[in-house]
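Worksheet: one structure, shown below.
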Amino acid sequence: MQQSNPLQKNFTRQLLEWHNNVNDRSLPWKSEKDPYKIWLSEVILQQTRAMQGLPYYMRFTETYPSINDLANANEEEVFRLWQGLGYYNRCKNMLATAKLIVEKHNSIFPDSYEGLLQLKGIGPYTASAIASFAFGRPNAVVDGNVYRVLSRYFGIDTPIDTTEGKAQFASLATELLDKKNSASYNQAIMDLGATVCTPSNPKCDDCPLYKHCAARAKELIGLLPVKSKKLKVSTRYFNYIIFVSNQSIWLYKRGPKDIWENLNEPWLVETEKPINEIELAKETVFADNQIPLNAIKYSGKSTQRLTHRIIEARFYTVVVKKKPRFPDEKGRWVALNMLSQTPFPKTVLSFLEKNLYF
């Protein structure tokens with residue numbers, strides 16, 4: 001340990017003692033040394049709680065046990081396996097990185113922080129995690145758990161979402177790191193934040209750092225860490241039309257530069273506010289195909305909260321004998337018995353499952 005400040009020495013020593021003697025958080029990637037599986041776990045756990053990501057990690061490692069298996073996988077199958085995790089750009093970057101490592105790095109991950117940073121979709125946190133856990137490099141991880149533990153223990157009120165705050169916490173995390181045992185230290189501080197120093201209702205009585213915690217002493221636990229910006233959330237209104245014909249439905253694959261890239265959805269009419277069947281019937285697809293108003297059946301709605309927006313989706317079913325002509329040629333008709341092999345956004349998947357389409 002490199003710290004000269006007594007408070008910092010105490011922090012690192014007690015944290016590691018807790019990790020070695022008390023911490024019993026068991027997750028399959030914690031003892032992993034394979035950089036591929038560590039990378040896979042980190043990609044899955046971005047914006048995702050550990051217990052939610054666990055079954056996905058197990059399915060991915062079973063289906064694609066090596067970087068070569070993932071790089072050579074069918075893209076549709078990978079997105080279907082990812083289905084439900086959200087933030088689908090992670091999946092796209094993951095596939096691109098897998099192919100790059102196989103093609104340009106002979107299937108071998110770079111073993112340095114700097115080398116890992118050059119890979120698509122890998123930022124400072126993920127590069128530090130892989131460098132530390134797989135290769136024992138002295139790189140400190142800084143994620144939401146780390147921000148919370150450090151800001152509370154040292155009483156730091158610098159906003160964590162500012163350039164100044166990110167630099168301050170990164171510097172402090174590096175100073176605290178046990179450079180000879182970086183993997184254990186990094187795992188310890190993340191586990192402490194995840195299980196003890198939680199965002200709300202922290203288990204302070206179980207915390208090994210309780211005695212010298214500034215937030216506890218000054219009653220600042222609920223105020224730290226600090227963020228300078230409030231998240232602005234907008235609402236988007238999606239009106240999905242399920243065209244059904246001869247045991248198949250029409251689907252379109254979403255394009256880039258928007259949510260749910262590469263996932264499939266029915267015919268979409270996005271509006272600025274909620275609309276009803278009468279307003280929906282004004283869409284040209286109905287006039288062009290001479291589909292009457294009474295053929296449009298309202299079938300339900302759902303709401304999905306994303307990071308920066310709320311998706312309010314309404315579903316309408318239109319059963320036709322003659323398949324409509326669509327102005328967008330990128331869509332296709334998919335047999336109902338093939339839907340289970342097709343990747344969908346969670347909102348659409350939930351509707352299809354609930355209505356027994358597969």
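Remember, it's a predicted structure, so these values are computed and weren't measured experimentally.
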Quiz item: Side-chain heavy atoms under 4.5 angstrom apart, residues restricted to Ile, Leu, Val, Met, Phe, Trp, Tyr: same cluster for Val226 and Leu223?
Solution: yes

Exercise. Verify, without hydrogens or angle tests, whether Arg90 (side chain) and Leu85 (backbone) share a donor-acceptor contact under 3.5 angstrom.
Key: yes

Quiz item: Just checking, is any N or O donor in the side chain of Glu164 or Thr158 under 3.5 Å from an acceptor N or O on the other one?
Solution: no

Practice problem: For the pair Asp161 and Lys166, find out whether any cationic side-chain nitrogen is under 4.0 Å from an anionic carboxylate oxygen. | Solution: no

Quiz item: What residues, two or more places apart in sequence or in another chain, satisfy side-chain hydrogen bond (donor to acceptor under 3.5 Å, both in side chains) together with Asn276?
Solution: none

Quiz item: Between the side chains of Arg148 and Asn145, does any donor sit under 3.5 Å from an acceptor?
Solution: yes

Quiz item: Can we say Arg80 and Glu76 salt-bridge, meaning some charged N sits less than 4.0 Å from an Asp/Glu carboxylate O?
Solution: no

Quiz item: So, does Ser245 use its side chain to make a donor-acceptor pair with the main chain of Val320 at under 3.5 Å?
Solution: yes

Quiz prompt | Pi-cation contact, Trp333 with Lys323 (under 6.0 Å, within 45°) | solution = yes

Practice problem: Please list, chain by chain and in numerical order, all residues satisfying ring pair (Phe, Tyr, Trp, His ring centres under 6.0 Å) with Tyr56, sequence neighbours excluded. | Solution: none

Quiz prompt | Any side-chain donor near an acceptor of the partner, Tyr125 and Glu42, under 3.5 Å | solution = yes

Quiz item: So, does Asn289 use its side chain to make a donor-acceptor pair with the main chain of Arg325 at under 3.5 Å?
Solution: yes

Practice problem: Taking the side chain as every heavy atom from C-beta outward, state whether Asp143 and Met190 have any atom pair closer than 4.5 Å. | Solution: yes

Quiz item: For Asn186 and Ser132, does a side-chain donor sit closer than 3.5 Å to a side-chain acceptor?
Solution: yes

Quiz item: Is it true that the NZ or CZ of Arg332 lies under 6.0 Å from the centre of Tyr252's six-membered ring and within 45 degrees of the ring axis?
Solution: no

Quiz prompt | Sub-6.0 Å ring centroid separation between Phe109 and Phe135 | solution = no

Practice problem: Name all residues meeting the ring pair (Phe, Tyr, Trp, His ring centres under 6.0 Å) criterion together with Tyr316; count only those two or more places apart in sequence or in a different chain, and write none if there are none. | Solution: Tyr298

Practice problem: Spell out, as yes or no, whether a donor-acceptor pair under 3.5 Å connects the side chain of Thr126 to the backbone of Gly123. | Solution: no

Self-check item: Contacts of Arg314 that satisfy salt bridge (charged side-chain N to carboxylate O under 4.0 Å, His left out) - sequence neighbours left out
Solution: Glu312

Quiz item: Can you tell if the side chain of Lys30 reaches within under 4.5 Å of the side chain of Asp191, non-hydrogen atoms only?
Solution: yes

Quiz item: Judged by modelled atom types alone, do Thr271 and Asn239 share a side-chain donor-acceptor pair under 3.5 Å?
Solution: yes

Self-check item: From OG1 (Thr195) to CG (Asn23), nearest 0.5 Å
Solution: 6.0 Å

Practice problem: Would you check if there is a donor-acceptor pair between the side chains of Glu265 and Tyr240 at a distance under 3.5 Å? | Solution: yes

Exercise. Would you check, one step at a time, whether the test ring-ring contact (aromatic ring centres under 6.0 Å, His included) holds for Phe351 with Phe344?
Key: CA-CA 10 Å; Phe351 171 82; Phe344 295 101; over 10 Å; no

Quiz item: Side chains of Gln304 and Thr347: donor-acceptor distance under 3.5 Å anywhere?
Solution: yes

Quiz item: Among the clusters formed by ILVMFWY side chains lying less than 4.5 Å apart, do Leu7 and Ile221 turn up in the same one?
Solution: no

Quiz item: Checking Thr12 side chain against Leu176 main chain: does a donor-acceptor pair fall under 3.5 Å?
Solution: yes

Quiz item: Lys232 side chain to His308 main-chain N or O, any donor-acceptor pair under 3.5 Å?
Solution: no

Exercise. For the residue pair Leu40 and Thr61, establish whether any side-chain heavy-atom pair is separated by less than 4.5 Å.
Key: yes

Self-check item: Donor-acceptor contact below 3.5 Å, side chain Ser151 vs main chain Ile156
Solution: no

Quiz prompt | Neighbour count >12 (heavy atoms, 6.0 Å) for atom CD, Glu219 | solution = no

Quiz item: Asn181: what forms a side-chain hydrogen bond (donor to acceptor under 3.5 Å, both in side chains) with it, not counting sequence neighbours?
Solution: Ser184

Practice problem: Please tell me if the side chains of Leu100 and Lys120 come closer than 4.5 Å, counting only heavy atoms from C-beta onward. | Solution: no

Quiz prompt | Partner of Trp29 by ring pair (Phe, Tyr, Trp, His ring centres under 6.0 Å), out of Phe133, Tyr57, Trp39, Phe60 | solution = Tyr57

Self-check item: Minimum side-chain heavy-atom gap Met51-Leu27 below 4.5 Å
Solution: yes

Quiz item: What closest approach, in Å, do Val141 and Ala173 show between heavy atoms, and which atom pair accounts for it?
Solution: O-CB, 4.5 Å

Quiz item: Are Asp258 and Arg236 within salt-bridge range, i.e. N to O under 4.0 Å?
Solution: yes

Quiz item: Is there a side-chain contact between Pro266 and Ile241, using heavy atoms and a 4.5 Å cut-off?
Solution: no

Exercise. Check for a donor-acceptor pair, side chain of Ser128 on one end and backbone N or O of Pro124 on the other, with a separation under 3.5 Å.
Key: yes

Practice problem: Find out if a path of hydrophobic residues (ILVMFWY) with successive side-chain heavy-atom gaps under 4.5 Å connects Val334 to Trp260. | Solution: yes

Practice problem: Could you note down all residue pairs passing side-chain hydrogen bond (donor to acceptor under 3.5 Å, both in side chains) where residues 96-116 supplies at least one of them, sequence neighbours left out? | Solution: Asn68-Ser107, Asp111-Arg137

Quiz item: If only atom types and distance count, is the side chain of Thr342 paired as donor or acceptor with the main-chain N or O of Met338 below 3.5 Å?
Solution: yes

Quiz item: Can you get from Tyr87 to Val78 by hopping between Ile, Leu, Val, Met, Phe, Trp and Tyr side chains that sit under 4.5 Å apart?
Solution: no

Quiz item: Within the side chain of Asn355, is there an N or O that forms a donor-acceptor pair under 3.5 Å with the backbone of Leu352?
Solution: no

Quiz item: Would you say the side chains of Ser299 and Thr317 form a donor-acceptor pair under 3.5 Å?
Solution: yes

Quiz item: Between Asn10 and His212, is any pair of side-chain heavy atoms under 4.5 Å apart?
Solution: yes

Practice problem: Let me know which of Tyr210, Phe154, Trp18 forms a ring pair (Phe, Tyr, Trp, His ring centres under 6.0 Å) with Phe11. | Solution: Phe154

Exercise. With the side chain counted from C-beta on, respond yes when Leu209 and Arg152 share a heavy-atom pair under 4.5 Å apart, and no when they do not.
Key: no

